[in-house]
Amino acid sequence: MQHAFGMNLKISIPFKIHTQKADVLRIVAETHDGSFGLLPHRLDCVAALIPGILMYETKSEGEAFLAIDQGVLVKTGSDVLISVRRAIAGEDLAKLREAVQQEFLSLNEQEQIVNMVMQKMESSFIHHLKELHHE
C-alpha cells in the first residue's frame with residue numbers, strides 16, 4: 001500500500017543545511033544497534049546515529065546515499081531532522097563506505113587517543129597536586 005504523503009527530511013551539518021527533501025518515502029540510517037528504518041507513519045522517535053551510510057528514497061529521484069558522521073535523528077510527525085558533524089553525498093556505495101572508514105572513523109580514533117592522553121595528563125596533575133598538599 002502506497003502512502004499518500006511522505007516525510008520532510010532535513011539534514012544539517014554545523015552552520016548549514018546539507019540536504020532538504022520533501023516527499024521522502026523511507027529513510028535507513030545506522031545506529032549502535034544496527035540499521036534503523038523510518039516510514040512516513042512511524043511513531044515519533046529519536047535515534048543516535050553512528051558513522052555510516054544514510055539512505056533515503058523519494059518517488060521522483062529514487063534512492064540517494066550519504067556518508068554521515070555521528071549525529072542525531074529526530075522524527076516528529078512527518079518531519080525528520082538529522083543533525084551530523086559531516087556528510088558526503090555520492091552514488092558509489094563502495095566509495096562512500098571508504099569515506100566513512102577513512103574520514104569519520106579514523107578521526108574518531110584520533111579523538112579517542114587525544115581523550116586518553118588528556119585523561120592521563122589530568123590524572124598525573126591531580127596526583128601531583130595531592131603530593132604537594134601532603135607536603
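Nothing here was measured: the structure is a model prediction, and the numbers come from that model.
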In Å and rounded to the nearest 0.5 Å, what is the [atom1] to [atom2] distance from [X] to [Y]?
X: Leu49; Y: Thr31; atom1: CG; atom2: OG1; value: 7.5 Å
X: Lys21; Y: Asn8; atom1: NZ; atom2: CG; value: 12.5 Å
X: Leu81; Y: Met7; atom1: CG; atom2: CE; value: 13.5 Å
X: Thr76; Y: Leu43; atom1: OG1; atom2: CG; value: 12.5 Å

Kindly determine whether Lys10 and Ile17 satisfy side chain to side chain contact (heavy atoms under 4.5 Å, CB included), including the steps that lead there. CA-CA 7 Å; Lys10 185 185 292 186; Ile17 303 297; 3.5 Å; yes
Determine, stepwise, if the pair Leu54 / Ile82 fulfils side chain to side chain contact (heavy atoms under 4.5 Å, CB included). CA-CA 10 Å; Leu54 175 88; Ile82 297 174; 3.8 Å; yes
Could you pull out the closest heavy-atom pair between [X] and [Y], with the gap in Å?
X: Pro40; Y: Leu25; value: CD-O, 3.1 Å
X: Asp69; Y: Pro51; value: OD1-CG, 3.6 Å
X: Val28; Y: Ser35; value: CG1-CB, 4.2 Å

Are [X] and [Y] joined in one hydrophobic group, where the rule is that I, L, V, M, F, W and Y side chains link up if heavy atoms are under 4.5 Å apart?
X: Leu73; Y: Ile13; value: yes
X: Val24; Y: Ile68; value: yes
X: Ile88; Y: Leu9; value: no

Before you tell me yes or no, could you show the steps for Arg26 and Met55 under side chain to side chain contact (heavy atoms under 4.5 Å, CB included), namely the whole-Å CA-CA distance, both residues' side-chain angles and the distance that decides it to 0.1 Å? CA-CA 8 Å; Arg26 66 186 177 115; Met55 186 283 297; 3.3 Å; yes
Determine, stepwise, if the pair His18 / Val84 fulfils side chain to side chain contact (heavy atoms under 4.5 Å, CB included). CA-CA 10 Å; His18 183 278; Val84 293; over 6 Å; no
Would the distance check show the side chain of Gln70 and the main-chain N or O of Arg85 forming a donor-acceptor pair, the cut-off being under 3.5 Å? no
With a 3.5 Å distance limit and no angle check, can you tell me whether Lys75 reaches the backbone of Leu38 through a side-chain donor-acceptor pair? no
Out of Asp79, Asp44, Val46, which residue meets the side-chain contact (heavy atoms from CB on, under 4.5 Å) rule with Val74? Val46
Side chains of Tyr56 and Thr19, heavy atoms from C-beta outward: is any pair under 4.5 Å? yes
